[in-house]
Amino acid sequence: MGHESNGVSNRDTPSFNFYSDRCASHMLRKKLPFLHSLLSPVSRHVGHLAGHQYDVIVVGGGHAGTEAAAAAARVGAETLLITQKIHTIGALSCNPSLGGVGKGQLVKEVDALDGLCGRAGDWAGIHFSILNRRKGPAVWGPRAQLDRQRYRDFIQSELLSTPRLTVLEGSVEELLVTEPNPEEPGHHRVTGIRLANGSHAISARSVVLTTGTFLSGSLFVGQTTSPGGRIGDAPSSPGLSHTLRERLGLRTGRLRTGTPPRIVKDSVDLSLAKLHLPDSHPTPFSFLNTHTHCKPEEQLPCYLTFTTPGVERVVRESLQLNCHIQQDTKGPRYCPSIESRVLRFPGRSHQVWLEPEGVTSDLLYPQGLSMTMPPDIQLRLIREIPPMRRAEIHTPGYGVQYDFVCPTQLSPALQVKSTQGLFLAGQINGTTGYEEAAAQGLWAGANAARWALSMPTVTLSRTESYIGVLIDDLVSRGVTEPYRMFTSRAEFRTSLRPDNADLRLTPKGFEEVGCVSSVRYQESLRVRNSLQDALTALQALFLSTSSWKKKLPSVPISETKSTLLTGLDLLQYNDVTFEMLASAFPESLSSYMEFAQRLKIEAVYKPHCDLNKKEIERIQREENMSLPQDIDYFSLPVSLSDEVREILDRVRPSTLGAATRLEGITPAAVVNLLNYVRVTEKKKETHRNQRHQEARGILKVNLSEKKEKKVRCREHTLKF
């Protein structure tokens, strides 16, 4: 795995703290033998922590929390990660997979910003494939089936070797809230957290909440309901939800999700399902890796089967025994339960993927069979599917309902607008999926660190990243159901490709954000410069069509037009590869063979990207026009309807660009807002110029007085 082949960061003199009342995993004991001397009851150390001022506290150890904590520490903040159970850090609560269409782009971007999940996926992957390969590379979806234990071990090992990061096992009861800094916008200021035992407060300059499904979470199986955010784990303290709603006045809602039963592998007749093999050459997620930990021949297959009419019959007969499906709480549209699929699309056969949970695991994950009916009826249902006629359930499926905070109350930095120092990431913002959570976590953690260290927060535009699209959709439009990323959500997806995430984001992460290591940054510069040199070399190959035909006789190049074509023009042909050009011109191109695929993709999309430039520049100009957060939209002297004023007042978009994407905002309203912003900016500029001129006038007067005083002194001296 590149320069981190053992799964542990190569950072010099790793500095970390680990407080727990239970043992860490076997892997950590094996790889970090000195860990045992640090493991001890939490109560013995909380007093020490209470007297320590952290820069950032991250609450939650899931995908958002781990990325947030690691990013905050990389930026330079003293960071504390608090999680209910240390051994579940990095756990894959639902499907043991990473990436996919839209989601794979997020993983690549998180990796480009030095996040964890891409390298963890390369380490733990056991079945790699590129989805959507029949379509253009811009919408390819890198995906991997994962070994649960390997993934969790990698994430825990990375966190333990991260400098400035402390991990604490515990439950947060409430946020510490005080009066705001009057020089900053907001009605409150967060100064830390209080643990659930009620006796210990820990101070911090900023707090990141990544509570996942644990915020007032409830589990549902059949007609049984119990508190929790994941089977075997308790929900977050009710005091945390109370603080958000009552103390901070945040609008919250309720969402639901679910997970399928886990099936005993040996009880399934896989010969009755369709074999689905992985890619013969696995494609790593991380730009730092040239290969995956799992060798190509060691990858495991997945299997495809389908539901039968018997499945629909079982669902309909058991509806009265399923309280979760009867409720109005919104669930994920694009990953629905089998009950929802049957009710929405009666009479259809639905796909069920049987996926391995690990190299040594004896379980299968039946993707597409999320369900919340009683366990005995779950068994009846899965046995209606031919390969599972004699299947046994290891763990039944269940549903989860949880609180989320309406994300329109956040800034593009994922900071709560009304509360200084409070950042939110992951499912608490109404999203679903590991990848969406990881992307938010990294950005919230980096900004929380910058806030704590008195640096300005930073934003990502939807024109430069899928992370920017994700955040802009959340804070501008909000959610009515769990949000999932798709390539169709990105207007400029031909520019925001999986292959160029490092070129788009790594320099920004190093130069502007501070979350990228110098090693990764230098590698991205090498790649960028090499690609640019290769493109220049291709454009320098300037030949007539007849000459190209002689060089590449197998390529159907029309000779009817007497035009000159460059090597870059030729590379846009479907039948032309960079390897063919390098073979024809070895002196000019052979040194760039490692970038063959990337150069092909760059050439194919160059015309599209050139056409998008003007539109991207327009959006970026609009996004640079900021709207004051304290503006009174109801008294604004602009022609706006009451409905538009209410929308703007409720959402309070940070920029004009964000306002244009709000539902209910008319083109006329945008024009009027644009005129208001321009007039306001012009007045501010005029005022600044006047003050500057006044200052220059005062300076001139002072200089004149000094000069006159010198003359008088000289005359006085001459008299004597």
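Salt bridge status for R189 with E179: absent, with no side-chain N to carboxylate O gap under 4.0 Å. A salt bridge does not link R247 to E174: none of the charged side-chain nitrogens sits closer than 4.0 Å to a carboxylate oxygen. At a threshold of 4.0 Å, the pair R484-E436 does not count as salt-bridged, since none of the basic side-chain nitrogens sits closer than that to a carboxylate oxygen. Using a cut-off of 4.0 Å between Lys/Arg side-chain N and Asp/Glu carboxylate O, D472 and R477 are scored as not salt-bridged.
Heavy atoms only, all atoms of each residue included: A439 and I467 are closest at CB-CG1, 3.9 Å. For W443 against L414, the heavy-atom pair with the smallest separation is CB-CD1, 4.5 Å. Pairing each heavy atom of P482 with each of L255, the nearest pair is CD-CD2, 3.8 Å. The two atoms that bring D502 and S524 nearest to each other are O-CB, 4.4 Å, heavy atoms only. Heavy atoms only, all atoms of each residue included: V513 and R450 are closest at O-NH1, 3.1 Å. When all heavy atoms are compared, the tightest approach of N672 to S639 is ND2-O, 2.8 Å.
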### Intermediate values then yes/no, side chain to side chain contact (heavy atoms under 4.5 Å, CB included), V107 and K103
CA-CA 6 Å; V107 176; K103 290 172 172 283; 5.7 Å; no

#### Entry: Test side chain to side chain donor-acceptor pair (under 3.5 Å) applied to T494 and N612, step by step
CA-CA 9 Å; T494 56; N612 285 338; 3.1 Å; yes

### Query
Taking it one step at a time, do T487 and Q105 satisfy side chain to side chain donor-acceptor pair (under 3.5 Å)?
CA-CA 8 Å; T487 53; Q105 279 82 344; 5.8 Å; no

### Message
side chain to side chain donor-acceptor pair (under 3.5 Å), that's the test. Do S241 and S216 meet it? Break it down for me.
### Response
CA-CA 7 Å; S241 291; S216 297; 2.7 Å; yes

### Task
Step by step, work out the side chain to side chain donor-acceptor pair (under 3.5 Å) result for R652 and T408.
CA-CA 8 Å; R652 298 205 158 271; T408 53; over 6 Å; no

### Task
Show your working on side chain to side chain contact (heavy atoms under 4.5 Å, CB included) between R119 and L116 and close with a plain yes or no.
CA-CA 6 Å; R119 288 179 292 119; L116 308 178; 3.6 Å; yes

#### Entry: Residue pair Y605, D610: steps toward the side chain to side chain contact (heavy atoms under 4.5 Å, CB included) verdict
CA-CA 9 Å; Y605 283 106; D610 290 343; over 6 Å; no

### Task
Would you sort out whether T225 and C323 count as a side chain to side chain contact (heavy atoms under 4.5 Å, CB included), showing the intermediate values?
CA-CA 9 Å; T225 304; C323 62; 4.2 Å; yes

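Geometric assessment of K108 against the ring of F287 yields a positive cation-pi assignment under the 6.0 Å and 45° thresholds. For R497 and W140, the positive end is not near the middle of the six-membered ring at less than 6.0 Å and at most 45° from its axis.
A donor-acceptor pair is defined here as one N or O able to donate and one able to accept, closer than 3.5 Å; such a pair exists between the side chain of T79 and the backbone of A77. Q409 places a side-chain N or O within donor-acceptor distance of the main-chain N or O of C406, the cut-off being under 3.5 Å. A donor-acceptor pair is defined here as one N or O able to donate and one able to accept, closer than 3.5 Å; no such pair exists between the side chain of Q84 and the backbone of S171. The main-chain N or O of S495 is found under 3.5 Å from a side-chain atom of N500 such that the two form a donor-acceptor pair. No side-chain donor-acceptor contact under 3.5 Å links R205 to the backbone of G192. The main-chain N or O of A91 is never found under 3.5 Å from a side-chain atom of T88 such that the two would form a donor-acceptor pair. Checked by atom type and distance alone, the side chain of K508 never pairs as donor or acceptor with a backbone atom of L113 at under 3.5 Å. Checking side-chain atoms of S340 against main-chain N and O of P336 turns up no donor-acceptor pair under 3.5 Å. Judged by distance alone, the side chain of S461 and the main-chain N or O of T463 form a donor-acceptor pair under 3.5 Å. Under a 3.5 Å cut-off, the side chain of T506 and the backbone N or O of A112 do form a donor-acceptor pair.
Between the side chains of Y483 and D473, at least one donor N or O sits under 3.5 Å from an acceptor N or O. At a cut-off of 3.5 Å, with distance as the only test, no side-chain donor of S97 or E355 sits close to an acceptor on the other residue.
Residues L422 and L175 have side chains in contact (heavy-atom distance under 4.5 Å, counting atoms from C-beta outward). Contact annotation: the side chain of R504 approaches that of S465 to within less than 4.5 Å [non-hydrogen atoms, C-beta and beyond]. Inter-residue side-chain proximity for D233 and F214 is flagged as met; some heavy-atom pair is nearer than 4.5 Å. Between L98 and R143 there is no side-chain heavy-atom pair separated by less than 4.5 Å. Under the 4.5 Å side-chain criterion, counting only non-hydrogen atoms from C-beta, N181 is in contact with Q420. Counting heavy atoms from C-beta on, the side chains of C117 and Y434 never come closer than 4.5 Å. L636 is listed as a side-chain neighbour of I631, based on a closest heavy-atom distance under 4.5 Å. Looking at heavy atoms from C-beta onward, H350 lies in side-chain contact with R341 at the 4.5 angstrom threshold.
Here the OG1-CG distance, from T210 to N429, works out to 10.5 Å after rounding to the nearest 0.5 Å. The OG1 atom of T459 sits 9.0 Å away from the CD atom of E512 when rounded to the nearest 0.5 Å. To the nearest 0.5 Å, the span separating CD on E109 from CD on E464 amounts to 9.0 Å. To the nearest 0.5 angstrom, N322 atom CG is 5.0 Å from E339 atom CD. Rounded to the nearest 0.5 Å, atoms OH (Y398) and OG (S218) are 13.0 Å apart. The CG atom of L248 sits 6.5 Å away from the OG atom of S418 when rounded to the nearest 0.5 Å.
Other residues, nucleotides and ligands contribute more than 12 heavy atoms inside 6.0 Å of the CD atom of E184. No more than 12 heavy atoms of other residues, nucleotides or ligands lie within 6.0 Å of NE2 in H187, so this atom counts as exposed by the packing criterion. A 6.0 Å sphere centred on NZ of K606 holds no more than 12 heavy atoms belonging to other residues, nucleotides or ligands.
For the side chain to side chain contact (heavy atoms under 4.5 Å, CB included) with L474, the lone residue among L410, V469, T431 that qualifies is T431.
Relative orientation of the F423 and W451 rings is perpendicular, given thresholds of 30° and 60° on the angle between their planes.
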